[in-house]
Amino acid sequence: MTENLVIVESPAKAKTIEKFLGKEFTVVSSFGHIRDLSKNKLGIEIEKGFKPVYEVPADKQKVVNELRKLASGAKTVWIASDEDREGEAIAWHLIAVLGLDPSVTRRIVFHEITKEAITRAVELPRQVDMNLVNAQQARRVLDRLVGFEISPVLWKKVQPSLSAGRVQSVAVRLLVDREREIIGFVSDSAFKLSGLFMGTNKEGKNVTLKAECAKKFPGEHEAKTFLDTCSSSAFSVENISVKPGTRSPAPPFTTSTLQQEAYRKLGFSVAQTMSVAQKLYEAGKITYMRTDSTNLSSLALNTAREVITTEYGSKYSRTRQFKTHSKGAQEAHEAIRPTYFDKKDVAGSNNEKKLYELIWRRAIASQMTDAELEKTTITIGMSNSEVTFTAAGEVVLFDGFLRVYSESTDTINSDDEKTILPRVTREMPLIPETITATQRFTSPPPRYTEASLVKKLEELGIGRPSTYAPIISTIQSRGYVAREDRPGEKRDIIQLTLAKSKISRTVKSEVAGKEKSKLFPKDIGIIVNDFLTSNFPDILDYNFTADVEKEFDEIAAGKVEWGKMISEFYMPFHKSVDVSLAIRERMTGARSLGNDPVSGLPVMVKMSKYGPVVQLGEANPDKKPRFANLRRDQLMETITLQEALTLFELPRTIGSFEDSELIVGVGKFGPYVKHSGKFYSLKRGVDDPYTITEERGIELITEKREGEKMKVINDYGDIQVLNGRYGPYITMNKNNYRIPKGSDPQKLTKEDCLSIIEKSGPKKTTKRTKKK
DNA sequence: CAGTGAGCGAGCTTCCGCTTGACTT
């Protein structure tokens, strides 16, 4: 039996700490919270002052049993959960569940996993801070009340299985509000001018300068008039301004900034980033990946300095400590950094290598000197106009941290290219080689990506590092939003070019509104959002979380009693729940679109049991109305009568093949061609169900038949050797079996297959995973 | 694998924040 039992939250942390503490200490982990409000019931006794009813979840029972056993055999139990609201609550629950004596149990905390920090913590044990625990209980109870009282309203008034919550509902609101800004956006255009100027400088060298006109022109006529002015003007260098500048490195990663940069630089989804980071953490290669702190331990600062000095020289080293300024940060951990700065790369999967390198670069760069720049602006003047052209250039005089890292931005702006400018002098004459006026359209505000939504949530203080990825996944799995692409639309842009005193006009085309992997609100998300914003405006307010956080802080400071705070919140809240329950009709978002000009029947759009539909005709006893599903890229809010009518054109017959009809339709899995009972999917981005021809339909059928031939390696009747997504495999009775390494799938006989099947042991009955 | 769209009613769904494994022929 052990003298000292130390309980931390994470098993990887336990492993590290055990090394620092030596033989008399056994370090184990609670794997996070061990107790929570009951899973299926409200778990709050409202009439008893909001008394929480806690229970140990089934999947935590095993951990709890083990901890109990270890604790009863230990002389002293040390609880080293994180020093934040949740960590303090974990400590309190541990004491209660393990039946520990609070007066002898030692609560210790450290913010970094270094030998000094831990030994110092052991010397300064304290007791559990009940004020902090109460702040957590208030947080927990409030979230449960909001989630478990509003969600059932949605089941009754909108659709079953939907959900609402303090965090997810505001996340959806951000997307809906943004979508409406985009819908209401009216694009404007103006002409921007740029010129290519030539001249000879003092050294007798020919130079060229690319410069942008400082003035924009609202229309083609104005642009042309100005180009006429240009053609009769003399140009010269009017002014040269050289300004020094510096650029400083970004702080080391927190969860949110890691998710953003891994998305921008590596194309990782937020869930992917977290799972790769988890691997690196478990392998001891990086510090904890769920953190809101930009703080680095003094050990980290020192080793970073050493590595930078040996690798790049001391003039590249500058030790910095960054202040965390995100709302509601609790700073229980360090920033995300490599455990060992001297390891520039790691073994592991490609993704692990890439993410590790990103973390290494960002952390190292944060400890390096500023980059020194020289920004040059050359102003070009005209003899017959006040309008000027400017050429901007930037030269890096000293690269500093830029040597290892440069941060990416969300907006790609090609006009922003910084170049080195040639040497010129004031009043030097310039001749315009070409001056081009290009029509430029303004863009609506951008749609959110997973990563930019996380950034916005963090700015609003909504959600925590451990929940950003789950929030993104929840709002998608409820069907409120979806990550989608859009091909965009071509539009014409006018370009006027002045060259050799002549103006020519060309019409070019550009693609506008192209989207890749963006979050789009879906109809059900919009309906739920509108219902919630009108019935629960306080909770849907962007500042709701920040406001209640202030109250939680008051509780943590011992100034407010938590039951009182919850009670004050609950009274008006519960009244809103009752009011919303009293609404009679279901929210279907129904909207009339007009009448079908052919039949005269009314056309409407609404949310049906199975998704958004357009409906032709009223429901009456003699005749059922016709229904058609909306396409994935259509919204109930914006669909037009014309678009609705088009949807009724499917399914349609496009011809015949082998004496059977070819019917095109759109089903559960997208557009298809149906032929003698079999379905053939249309190619996304290639085929369009409204225009596809008989010829192309037949092509799809023959292509699929070819593919199926390739799929079968060997066919022994009830046993087949097939080519699958993960390589060759054996299939029998709808069960699949892996082919052992080293055997050639081409040469497997039926007997070989049977022995492989036998060896692989009994198969579980195929589990049907629940949809959604 | 390629439907459905009404209404009845039983029984289920649901929150946020801590943590890691399951699972992938």
Side-chain angles (χ1 to χ4, degrees), chain A residues 8-13 29-37 39-43 59-60 63 81-82 84-87 89-90 93 136 139-155 159-169 275 278 281-282 288 290 330 332 462-468 470-471 474 478 545 588 606-615 619 621 624-629 651 663 665-674 677-681 722 724-732 734-739 760 763 766-767 769-770 772:
Chain A
V8 297
E9 291 181 38
S10 148
K13 198 169 169 180
S29 146
S30 75
F31 294 83
H33 276 292
I34 50 141
R35 203 165 71 154
D36 191 15
L37 299 176
K39 199 166 169 286
N40 297 314
K41 285 177 289 184
L42 181 65
D59 59 328
K60 282 293 159 75
V63 181
S81 47
D82 298 344
D84 57 19
R85 210 158 59 199
E86 298 297 326
I90 288 174
H93 284 303
Q136 193 274 346
R139 199 280 304 156
R140 183 68 192 91
V141 166
L142 181 125
D143 283 337
R144 174 54 71 90
L145 289 170
V146 170
F148 275 40
E149 289 211 3
I150 301 184
S151 299
V153 178
L154 293 177
W155 306 340
Q159 250 175 36
S161 303
L162 295 175
S163 64
R166 170 177 60 82
V167 172
Q168 59 169 283
S169 297
S275 103
Q278 177 86 29
Y281 169 66
E282 282 169 12
Y288 197 56
R290 290 186 274 262
Q330 310 209 357
I462 298 170
R464 305 276 313 125
S466 67
T467 61
Y468 296 136
I471 292 161
T474 300
R478 296 275 174 274
T545 290
T588 62
K606 68 172 191 184
M607 180 57 68
S608 81
K609 212 160 131 187
Y610 306 106
V613 291
V614 282
Q615 178 181 332
K624 272 180 91 177
R626 271 193 76 191
F627 293 98
N629 295 327
I663 297 165
V666 178
K668 197 174 169 183
F669 307 104
Y672 62 83
V673 182
K674 191 174 163 189
K678 278 190 158 179
F679 292 87
Y680 303 87
S681 289
L722 302 175
R725 262 205 300 164
Y726 311 107
Y729 67 99
I730 299 167
T731 182
M732 181 177 82
K734 290 190 175 172
N735 281 329
N736 299 326
Y737 304 87
R738 195 198 298 259
I739 294 171
S760 85
K763 276 276 159 184
T766 38
K767 254 191 287 177
T769 39
K770 239 196 335 178
K772 281 189 178 177

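A note on names: the letters A, B, ... follow the listed sequences, proteins ahead of strands, and every chain is numbered from 1.
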Please confirm whether the shortest side-chain N or O distance from [X] to OP1 or OP2 of [N] is below 4.0 Å.
{"X": "Arg144(A)", "N": "dG17(B)", "result": "no"}
{"X": "Tyr281(A)", "N": "dT19(B)", "result": "no"}
{"X": "Asn40(A)", "N": "dT14(B)", "result": "no"}
{"X": "Arg464(A)", "N": "dT19(B)", "result": "no"}
{"X": "Thr467(A)", "N": "dG17(B)", "result": "yes"}

Record whether the side chain of [X] comes under 3.5 Å of the base of [N] through a donor-acceptor pair of N or O atoms.
{"X": "Arg140(A)", "N": "dC15(B)", "value": "yes"}
{"X": "Arg290(A)", "N": "dC18(B)", "value": "no"}
{"X": "Ser161(A)", "N": "dT13(B)", "value": "yes"}

Which nucleotide wins on minimum distance to the side chain of [X], given the candidates [options]?
{"X": "Phe679(A)", "options": "dT19(B), dA2(B), dC15(B)", "result": "dA2(B)"}
{"X": "Arg166(A)", "options": "dA2(B), dT14(B), dC16(B)", "result": "dC16(B)"}
{"X": "Phe31(A)", "options": "dT14(B), dG21(B), dG3(B)", "result": "dG21(B)"}
{"X": "Pro160(A)", "options": "dT13(B), dC18(B), dC15(B)", "result": "dT13(B)"}

For [Y], is there any backbone N or O sitting under 3.5 Å from a side-chain donor or acceptor partner on [X]?
{"X": "Lys13(A)", "Y": "Ser29(A)", "result": "no"}
{"X": "Thr474(A)", "Y": "Pro470(A)", "result": "yes"}
{"X": "Ser81(A)", "Y": "Val8(A)", "result": "no"}
{"X": "Lys60(A)", "Y": "His33(A)", "result": "yes"}

With the six-membered base ring of dT13(B) as reference, does the ring of Trp155(A) sit under 5.5 Å away with planes under 30° apart?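 So yes, this residue stacks on that base, both cut-offs being met.
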Shortest non-hydrogen separation from [X] to [Y] and the atoms involved:
{"X": "Glu9(A)", "Y": "Gly87(A)", "value": "OE2-CA, 3.6 Å"}
{"X": "Arg139(A)", "Y": "Glu86(A)", "value": "NH2-OE2, 2.9 Å"}
{"X": "Leu154(A)", "Y": "Ser163(A)", "value": "CD1-O, 3.6 Å"}

Under 4.0 Å, heavy atoms only, any strand: does [X] hit a base, just the sugar-phosphate, or nothing?
{"X": "Gly670(A)", "value": "base"}
{"X": "Ser10(A)", "value": "sugar-phosphate"}
{"X": "Tyr288(A)", "value": "sugar-phosphate"}
{"X": "Pro11(A)", "value": "sugar-phosphate"}
{"X": "Gln168(A)", "value": "sugar-phosphate"}
{"X": "Gly32(A)", "value": "base"}
{"X": "Gln278(A)", "value": "sugar-phosphate"}
{"X": "Thr474(A)", "value": "sugar-phosphate"}
{"X": "Gln615(A)", "value": "nothing"}
{"X": "Ser29(A)", "value": "nothing"}
{"X": "Leu162(A)", "value": "sugar-phosphate"}

Results of ring pair (Phe, Tyr, Trp, His ring centres under 6.0 Å) for Tyr680(A) - residues two or more places apart only: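 Here no residue qualifies.
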Just jot down the ring pair (Phe, Tyr, Trp, His ring centres under 6.0 Å) partners of Tyr281(A), sequence neighbours excluded, or say none.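 Here the qualifying residues are Tyr288(A).
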Check salt bridge (Lys or Arg N to Asp or Glu O under 4.0 Å) between Arg144(A) and all other residues, then give those that pass, not counting sequence neighbours.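 So Arg144(A) forms no salt bridge (Lys or Arg N to Asp or Glu O under 4.0 Å) with any residue.
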Of all residues at least two apart in sequence or in a different chain, which pass the salt bridge (Lys or Arg N to Asp or Glu O under 4.0 Å) check with Arg290(A)?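 Arg290(A): no salt bridge (Lys or Arg N to Asp or Glu O under 4.0 Å) contacts found.
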Measure from [atom1] on [X] to [atom2] on [N] and round the result to the nearest Å.
{"X": "Gln330(A)", "N": "dG17(B)", "atom1": "CD", "atom2": "P", "value": "10 Å"}
{"X": "Gln159(A)", "N": "dC12(B)", "atom1": "CD", "atom2": "P", "value": "20 Å"}
{"X": "Lys39(A)", "N": "dC15(B)", "atom1": "NZ", "atom2": "P", "value": "11 Å"}

Starting at the 5' end of DNA chain B and moving along, which residue's nearest nucleotide shows up first, Ile730(A) or Asp82(A)?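 Whichever sits nearer the 5' end wins; that is Asp82(A).
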Checking side chain to side chain contact (heavy atoms under 4.5 Å, CB included) against Phe148(A), which of Asp143(A), Leu42(A), Asn40(A) comes through?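 Result: among Asp143(A), Leu42(A), Asn40(A), Leu42(A) is the only option passing the side chain to side chain contact (heavy atoms under 4.5 Å, CB included) with Phe148(A).
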Atom pairs, N/O to N/O, protein against nucleotides 4-7 of chain B, distance under 3.5 Å?
{"unit_1": "dT4(B)", "atom_1": "O4", "unit_2": "Asn629(A)", "atom_2": "ND2", "d": "3.4"}
{"unit_1": "dG5(B)", "atom_1": "N1", "unit_2": "Asn629(A)", "atom_2": "OD1", "d": "3.3"}
{"unit_1": "dG5(B)", "atom_1": "N2", "unit_2": "Ser608(A)", "atom_2": "OG", "d": "3.3"}
{"unit_1": "dG5(B)", "atom_1": "N2", "unit_2": "Asn629(A)", "atom_2": "OD1", "d": "2.9"}

Dot-bracket encoding per residue of DNA chain B, Watson-Crick/G-U cut-off under 3.5 Å, | denoting interstrand: .........................
